[in-house]
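Okay, so here's the structure we're looking at.
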Amino acid sequence: MSASAQLSLQGSFALPVLFDLGATFAFALSGALAAIKRHYDIVGVLALALVTGLGGGLIRDGLFLAQGPTPLLTNPHYLEAVVLAAVGGVVFGARIHRFARLIPVVDALGLGAYAAFGVQKSLLAGLAPPAAILVGVVNAVGGGILRDLLCREEPLVFKPGQFYFLIALGGAVVFLFCTATLGWSANRAAIATVALTFVLRSLTITFNWRTAPVS
Amino acid sequence: MSASAQLSLQGSFALPVLFDLGATFAFALSGALAAIKRHYDIVGVLALALVTGLGGGLIRDGLFLAQGPTPLLTNPHYLEAVVLAAVGGVVFGARIHRFARLIPVVDALGLGAYAAFGVQKSLLAGLAPPAAILVGVVNAVGGGILRDLLCREEPLVFKPGQFYFLIALGGAVVFLFCTATLGWSANRAAIATVALTFVLRSLTITFNWRTAPVS
Amino acid sequence: MSASAQLSLQGSFALPVLFDLGATFAFALSGALAAIKRHYDIVGVLALALVTGLGGGLIRDGLFLAQGPTPLLTNPHYLEAVVLAAVGGVVFGARIHRFARLIPVVDALGLGAYAAFGVQKSLLAGLAPPAAILVGVVNAVGGGILRDLLCREEPLVFKPGQFYFLIALGGAVVFLFCTATLGWSANRAAIATVALTFVLRSLTITFNWRTAPVS
């Protein structure tokens, strides 16, 4: 851990356990529903639920931070949430779509929470600030990109569409600014980040704000 | 290493060296033959042989366990087996298909052996039991998934087809159950796992048992 | 670090900082231009610039060596070069194509430099010689492969085409031979490697030397 990283974080925030597992469940459920829509078998449902639910965190810990086994694997509850989402998707099938209205809400909350959490964990691991922003963004949107790749889709997030990645990027920048420049506590900065990204994402969905191709 | 993981394994089993290298060779050869069929050049043959032969182990050690360089790279024999398979595929070309009848047999043996080995290595690294099962399965089937991704195929393993992934999953669960619940030695549990997965995979091929789409 | 690796390297070479950042910028710019051509939005431009500019190094450090956070993330200048390339690509758009004539030159220099650097870093991490060659090659060509995968292209490098991967492979082998067998200093071996790969790549482009499918 570098001295500058130690200086730049006042305390640290932990995601509330129920929120963390709930968001994992919601992401995993969205992956399972995508697999069901594509007529995959149970293996494909499990795989897409896993990749969508934990992909961002696995890239963060396994590829970027590389500091031994990730808590996502040493704590059994994350995988239990993924399996529960896959089984729930299969058992309740089409009827789950009513419940599925909750997914964009959880997703909008998770976007900011995971972006802030990824930035914090990266700073604690000694990463430079721009790299911490990168890892925060990947933590927030990585699962969706992996899901698209495994379905052999061109990742949606790269093509013009509703603001999603940019909101995660904004959340990571805001969290870094509040903790490192303003000296806020990590907890306070995380709450501000989640509030901001949630409002932006809700407005995006409501008014269908969209990015444009650069050429 | 957590105390519970230490308690749950009685001894440990090592894959017999010749089997380990033979399975790597067989997996790599199947990748090389796929590349030749697609009219890739020598680069593509080498790359697919590598990814199919070592992909599962590289994901296990590099992404999930993240404990420094993997034995697959510090021990030169694994890459030598891959290069040998690629060269063999190119030199013997079509004639190798007679030899290729052996591949499903080695593959069926490797499926259980790598599932058990992945579970064991994960438990020793302190992973939770469900995560150890995940890593065991990825160790067994990861190379084939990466091969399909690099060929820009939708991974076959996700779509309805013959039991393959589910047998690897069964093998990982059985190994965990025998060692952690029944208290068997790792060696005995590994032999039971390989025997079970080999029989199930042989029956699957013989009777063309298949999974169904979930919707 | 193994004793043999210590013996096999006389000193070590560091990429000149300006060259290293310049090559990162050039690779990233080629990714950004590819994204612009495909009408991606700013997110896609950033993502492809990042993956093409740093992909090879991230695979080297994150997946193969797994020794904690990579210098590509702890040193902020690499990501700054990537962002600069993405912004430059968007702002200067089509006019950049004149500047883009420089890219094959930088690319040809980077191919040998990164191959040598990857081999050296792998030997220092205790990898076996064939694995060090593999990591050197991935370090040199990995960004381009990841870029193709994310665009849902079959990686160009696998299909018959101009010598590229094979030149990186040749560079990695030459660097290993010069340092480990001939006992040259790492600096001298790196200069020889870069000179050789640059000449071979220039001849390849000039005379359109191509690989053939193996069948």
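In what follows, every chain begins at residue 1, and chains take the letters A, B, ... in the order their sequences are listed. This structure is a prediction, so every number in the text was calculated from the model and none was measured.
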Side-chain contact, heavy-atom cut-off 4.5 Å: C:Leu166 with B:Ile42?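 Touching, per the 4.5 Å side-chain cut-off.
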Do you know which of B:Leu50, B:Val82, B:Val83 makes side-chain contact (heavy atoms from CB on, under 4.5 Å) with C:Leu134?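 Exactly one candidate clears the test, B:Leu50.
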Identify all side-chain donor-acceptor contacts of residues 188-196 of chain C below 3.5 Å with residues at least two apart in sequence or on another chain.
unit_1	atom_1	unit_2	atom_2	d
C:Thr193	OG1	C:Ala189	O	2.7

Would you please go through residues 64-76 of chain C and name the residues with a non-hydrogen atom below 4.5 Å from one of chain B, in numerical order?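 Counting heavy atoms that sit under 4.5 Å from chain B, the residues of residues 64-76 of chain C involved are C:Phe64, C:Leu65, C:Ala66, C:Gln67.
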Give, as side chain, backbone, both or neither, the part of C:Ile133 having an atom under 4.5 angstrom from any heavy atom of chain B.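 Contact with chain B is absent: no heavy atom of C:Ile133 under 4.5 Å.
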Between C:Pro130 and chain B, which part of the residue has a heavy atom less than 4.5 Å away: side chain, backbone, both or neither?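 Contact with chain B: backbone and side chain both.
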For the atom pair CG (B:Asp41) and CZ (C:Phe165), what is the distance rounded to the nearest 0.5 Å?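 Taking CG in B:Asp41 and CZ in C:Phe165, the distance rounds to 9.0 Å.
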